[in-house]
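Numbering starts at 1 and runs along the sequence shown. Quantities reported herein were computed from a predicted structural model and do not represent experimental measurements.
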Amino acid sequence: MRVATLGYQTWGHRTLQALLQSDHEVVLAITHPKSDHVYEQMWADSVADLATEHGVPVHIATKPDENFKAALKQADPDIVVANNWRTWLPRDVFDSPRYGTLNIHDSLLPKYTGFSPLIWALINGEEEVGLTAHLMDEELDAGDIVLQRSTRVGPTDTVTDLFHRTVDMIGPITLDALALIESGRTDWTPQDRSQATFFHKRAPEDSLIDWTWPADAIERLVRAQSDPYPNAFTHFKGQRVRVLKAAVSEGNYGGTPGRVFIHEGDGMVIVAGPDARTGQNKGLKIQRVRLDDGTELAGTDFFPHGGGYLS
């Protein structure tokens with residue numbers, strides 16, 4: 001098939017790479033301009049550079065304006081494949097090719113529609129994450145499902161681990177979904193929109209630890225903000241402290257959320273949870289931190305004794 005791609009960062013790069021290595025003819029690559037947003041500077045393999053290296057025409061756009069539509073019309077694809085395209089597409093774009101537009105989304109739809117699905121899924125304690133190949137319609141990430149692939153979330157997995165596992169699934173699911181579409185099948189699976197959840201773009205404020213959260217949720221937040229992502233952070237005596245490694249305490253600790261309490265094993269326990277006053281909550285054991293100057297310290301070194309509050 002003649003394929004045009006809408007893609008950005010490593011997700012779009014992997015999609016284009018798989019198509020270039022297939023029997024499909026890539027006739028156009030549309031991508032976004034480079035961004036200063038912290039989450040768009042990570043995993044930033046260039047779709048434009050890869051397309052240019054292979055002689056594929058490139059169009060840079062932030063949204064589907066008239067120049068975008070003209071480039072797509074001139075390319076005359078049988079299908080568009082999108083991955084990490086960041087702006088809404090109207091029907092006259094996603095429906096214009098013979099087979100429509102196939103979107104590759106890094107969640108198990110209908111859950112985790114929108115942005116940063118791996119981060120939110122890990123924070124929320126999901127047991128598996130994955131990819132969905134679905135046909136686009138006018139509602140974001142809501143079209144009929146062609147194919148899904150999943151991977152289990154282990155008890156120590158970071159979002160970086162999950163990124164690498166799911167990004168390696170992009171090529172296979174893209175090509176397998178295209179094969180199903182090209183075969184003439186149309187018996188796709190409608191999404192149960194009553195199960196849909198929709199998440200916003202993440203910003204630095206979303207990494208600030210809320211000590212009223214249960215300790216297990218904060219521990220997952222730490223793993224969901226592993227390097228190179230902006231780390232989960234808190235404040236202590238006027239300085240920002242990034243939490244690199246943490247665990248749920250073995251004992252139950254009571255008091256006020258955010259209290260620097262007591263050493264337990266290799267970390268300092270911080271009182272946490274919505275019911276911390278009852279003494280029935282686990283605390284968060286901070287095992288490793290990083291300061292703004294780049295200094296990394298064991299939790300027991302940064303907190304040599306209890307006392308004070310994190311905010």
Side-chain angles (χ1 to χ4, degrees), residues 1-37 39-106 115 131-137 140-141 143 146-147 149 163-164 166-184:
M1 288 192 291
R2 292 170 58 84
V3 181
T5 66
L6 301 178
Y8 187 47
Q9 296 176 273
T10 299
W11 295 269
H13 185 279
R14 287 291 188 96
T15 306
L16 177 58
Q17 189 175 58
L19 290 166
L20 290 169
Q21 295 171 352
S22 74
D23 293 332
H24 299 289
E25 180 186 2
V26 183
V27 295
L28 177 66
I30 302 179
T31 189
H32 294 303
K34 291 182 179 179
S35 169
D36 292 332
H37 191 285
Y39 281 92
E40 294 182 9
Q41 292 179 328
M42 301 180 299
W43 317 126
D45 294 303
S46 171
V47 171
D49 290 350
L50 179 63
T52 300
E53 289 168 10
H54 288 82
V56 175
V58 175
H59 183 77
I60 308 293
T62 56
K63 60 183 179 180
D65 57 17
E66 292 308 310
N67 290 333
F68 173 114
K69 293 177 182 179
L72 190 60
K73 182 177 181 180
Q74 183 177 5
D76 190 27
D78 296 315
I79 193 167
V80 170
V81 178
N83 195 342
N84 198 34
W85 182 258
R86 315 286 280 183
T87 56
W88 178 77
L89 298 177
R91 180 172 290 279
D92 64 342
V93 170
F94 69 73
D95 240 6
S96 60
R98 174 185 174 190
Y99 292 108
T101 296
L102 179 74
N103 185 50
I104 311 299
H105 181 71
D106 51 343
F115 299 90
L131 302 181
T132 301
H134 71 95
L135 294 172
M136 274 193 174
D137 64 15
L140 181 66
D141 296 334
V146 177
L147 201 58
R149 298 273 166 79
F163 165 79
H164 286 298
T166 55
V167 83
D168 285 344
M169 298 161 61
I170 288 174
I173 197 173
T174 299
L175 298 183
D176 290 348
L178 288 177
L180 291 173
I181 292 169
E182 194 172 20
S183 74

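- Among residues two or more places apart in sequence or in another chain, the side chain to side chain donor-acceptor pair (under 3.5 Å) test is passed with N84 by Q9, R86.
- Considering only residues two or more places apart in sequence or on other chains, T132 meets the side chain to side chain donor-acceptor pair (under 3.5 Å) condition with Q148.
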Quiz: residues 47-64 side-chain donor-acceptor pairs under 3.5 angstrom, not counting sequence neighbours:
residue, atom, partner, partner atom, Å
T52, OG1, A48, O, 2.9
H54, ND1, L50, O, 3.1

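- By the side chain to side chain contact (heavy atoms under 4.5 Å, CB included) test, D92 pairs with K69, P90, sequence neighbours left out.
- A75 meets the side chain to side chain contact (heavy atoms under 4.5 Å, CB included) test with V27, L28, P77; sequence neighbours excluded.
- Applying the side-chain hydrogen bond (donor to acceptor under 3.5 Å, both in side chains) test to pairs two or more places apart or on separate chains, those with a residue in residues 175-184 are R149-D176.
- Every residue two or more places apart in sequence or in another chain was checked for a side chain to side chain contact (heavy atoms under 4.5 Å, CB included) with K34, and none qualifies.
- Partners of H134 under the side chain to side chain donor-acceptor pair (under 3.5 Å) rule, at least two apart in sequence or in another chain, are N103.
- Residue pairs satisfying the ring pair (Phe, Tyr, Trp, His ring centres under 6.0 Å) criterion with at least one member in residues 64-88, sequence neighbours excluded, are listed as follows: H32-W85, F68-W85.
- Every pair passing side-chain hydrogen bond (donor to acceptor under 3.5 Å, both in side chains) that includes a residue from residues 74-83 is listed here, sequence neighbours excluded: T15-N83.
- Taking the salt bridge (Lys or Arg N to Asp or Glu O under 4.0 Å) definition, one finds that R91 meets it with D95, E138, sequence neighbours left out.
- D168 and R14 are joined by a salt bridge, as a carboxylate oxygen and a charged side-chain nitrogen come within less than 4.0 angstrom of each other.
- Partners of D137 by side chain to side chain contact (heavy atoms under 4.5 Å, CB included), not counting sequence neighbours, listed by chain and number: E139, A142.
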